Amino acid sequence: MNLTILTYPDKRLKQISKDVAVFDAKLHQLLNEMNKVMLGSNGIGLAAIQVNFPLNILILNIPNSDGDQPPENLMEIINPVIIKKNGTTSYQEGCLSVPGFYEDVDRFETVSISYQDRHGNTKTLDADELLSIAIQHEMDHLAGKLFIEKLSYSRRKKFEKEYKRALKEKKEEY
Ligand code: Y12
Ligand code: CO
């Protein structure tokens with residue numbers, strides 16, 4: 001399995017992901033490979049659609065206070081559903097599928113989700129702070145949405161201009 005991260009404006013990122021029905025060795029291999037790609041790219045969260053698997057899977061490894069991401073902090077979240085949400089907050093988000101661009105995005109302050117683990121066991125999780133934001137960011141990917149779609153008209157325009165210029169400069173490097 002050689003996973004590569006899809007980047008904006010790749011249309012495949014717009015696909016709506018489907019629930020995982022089979023919790024087998026193939027799923028475990030995908031989760032393991034996603035973790036390698038995420039950590040290898042300095043990411044803290046990744047949805048399966050970002051590596052072209054339109055399945056309701058997201059992984060997270062929120063860095064601890066030393067900035068480390070030990071394996072025991074890895075969270076594998078399959079078929080998530082938000083069951084409770086509260087408050088509002090704003091955070092400067094980044095995305096491995098939109099490299100080099102960070103913007104403030106409004107989110108719910110806390111969310112509770114129900115999900116399944118890699119063995120199909122159903123669990124619930126109450127999330128706040130960065131974990132809550134990361135879950136909402138990754139769940140948007142599962143719905144085919146990127147964080148840039150939540151920007152105001154003027155910020156989105158600014159993004160498109162800057163991103164296009166960065167892509168052009170990158171092309172000219174080769
Ligand atoms: C809060 C907000 C957003 C999330 C979603 C997960 N986002 C990431 O993991 C983003 C990582 C990221 C890493 C990058 O690469 C490096 O820093 C080397 C990057 O690339 C550049 O900026 C060039 C962009 C994004 C969770 C919590
Ligand atoms: Co993202």
Side-chain angles (χ1 to χ4, degrees), residues 3-17 30-71 73-78 80 82 85 87-113 115 125-151 155-156 158-174:
L3 302 182
T4 48
I5 297 178
L6 304 179
T7 54
Y8 180 78
D10 195 313
K11 286 192 168 53
R12 289 173 291 181
L13 287 165
K14 287 177 167 289
Q15 294 173 84
I16 311 291
S17 293
L30 174 59
L31 288 162
N32 296 344
E33 296 290 327
M34 283 175 63
N35 186 38
K36 279 189 209 158
V37 173
M38 177 181 75
L39 294 180
S41 314
N42 281 332
I44 63 173
L46 187 73
I49 188 59
Q50 291 179 272
V51 288
N52 202 25
F53 280 81
L55 292 168
N56 285 327
I57 299 173
L58 63 94
I59 61 168
L60 301 166
N61 194 328
I62 305 294
N64 62 26
S65 50
D66 298 325
D68 296 330
Q69 294 174 289
N73 285 5
L74 174 67
M75 304 184 76
E76 298 174 335
I77 296 178
I78 300 166
I82 292 182
K85 53 203 183 198
T88 53
T89 188
S90 179
Y91 190 84
Q92 192 175 51
E93 298 189 12
C95 178
L96 290 171
S97 293
V98 191
F101 189 79
Y102 302 85
E103 259 295 358
D104 286 347
V105 177
D106 295 333
R107 298 283 182 191
F108 299 114
E109 193 173 11
T110 62
V111 291
S112 300
I113 59 167
Y115 69 98
L125 170 70
D126 299 321
D128 61 6
E129 301 186 340
L130 192 54
L131 178 60
S132 168
I133 290 159
I135 287 172
Q136 293 172 70
H137 175 109
E138 301 306 337
M139 284 187 73
D140 272 357
H141 277 296
L142 308 183
K145 300 272 177 252
L146 294 175
F147 76 103
I148 50 168
E149 293 169 57
K150 293 179 71 77
L151 302 179
R155 280 174 188 266
R156 178 66 186 264
K158 186 170 158 269
F159 158 73
E160 293 294 346
K161 208 170 144 189
E162 284 175 11
Y163 194 78
K164 246 182 225 156
R165 184 180 301 158
L167 283 182
K168 197 168 159 249
E169 277 167 13
K170 208 170 167 206
K171 246 188 191 168
E172 284 165 1
E173 275 173 26
Y174 295 104

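Everything numeric in this text was worked out from a predicted model, so none of it was measured. Read the numbers this way: they start at 1 and go in the same order the structure lists the ligands and their atoms. Sequential numbering from 1 along the given sequence is applied to the chain's residues.
- Contact atoms of ligand 1 toward I44: 6 (C), 8 (C), 9 (O), 26 (C), 27 (C) (distance under 4.0 Å to a heavy atom of the residue).
- In summary, the atoms of ligand 1 found under 4.0 Å from a heavy atom of L130, numbered by their order in the structure, are 1 (C), 27 (C).
- Annotation for ligand 1: atoms under 4.0 Å from non-hydrogen atoms of G100 are 20 (O), 21 (C), 22 (O), 23 (C).
- Nearest protein heavy-atom neighbour of atom 3 (C) of ligand 1: G94 O, 3.4 Å.
- Heavy atoms of M38 found under 4.0 angstrom from ligand 1: none, in either backbone or side chain.
- Checked against the 6.0 Å centroid threshold, F101 and Y163 do not count as a close aromatic pair.
- Remark: at the Co ion (ligand 2), atom NE2 from H141 and atom NE2 from H137 enclose 110°, rounded to the nearest 10 degrees.
- Residue contacts with ligand 1: Y102 is included, with a non-hydrogen atom under 4.0 Å away.
- When L39, L96, V98, L58 are checked for heavy-atom proximity to atom 14 (C) of ligand 1, L96 turns out nearest.
- Using modelled atom types and a 3.5 Å distance limit, the side chains of E160 and Y8 yield a donor-acceptor pair.
- Proximity of Q92 to ligand 1 is not established, as no heavy-atom distance is less than 4.0 Å.
- Take K36 and apply the salt bridge (Lys or Arg N to Asp or Glu O under 4.0 Å) test, not counting sequence neighbours, and it matches E33.
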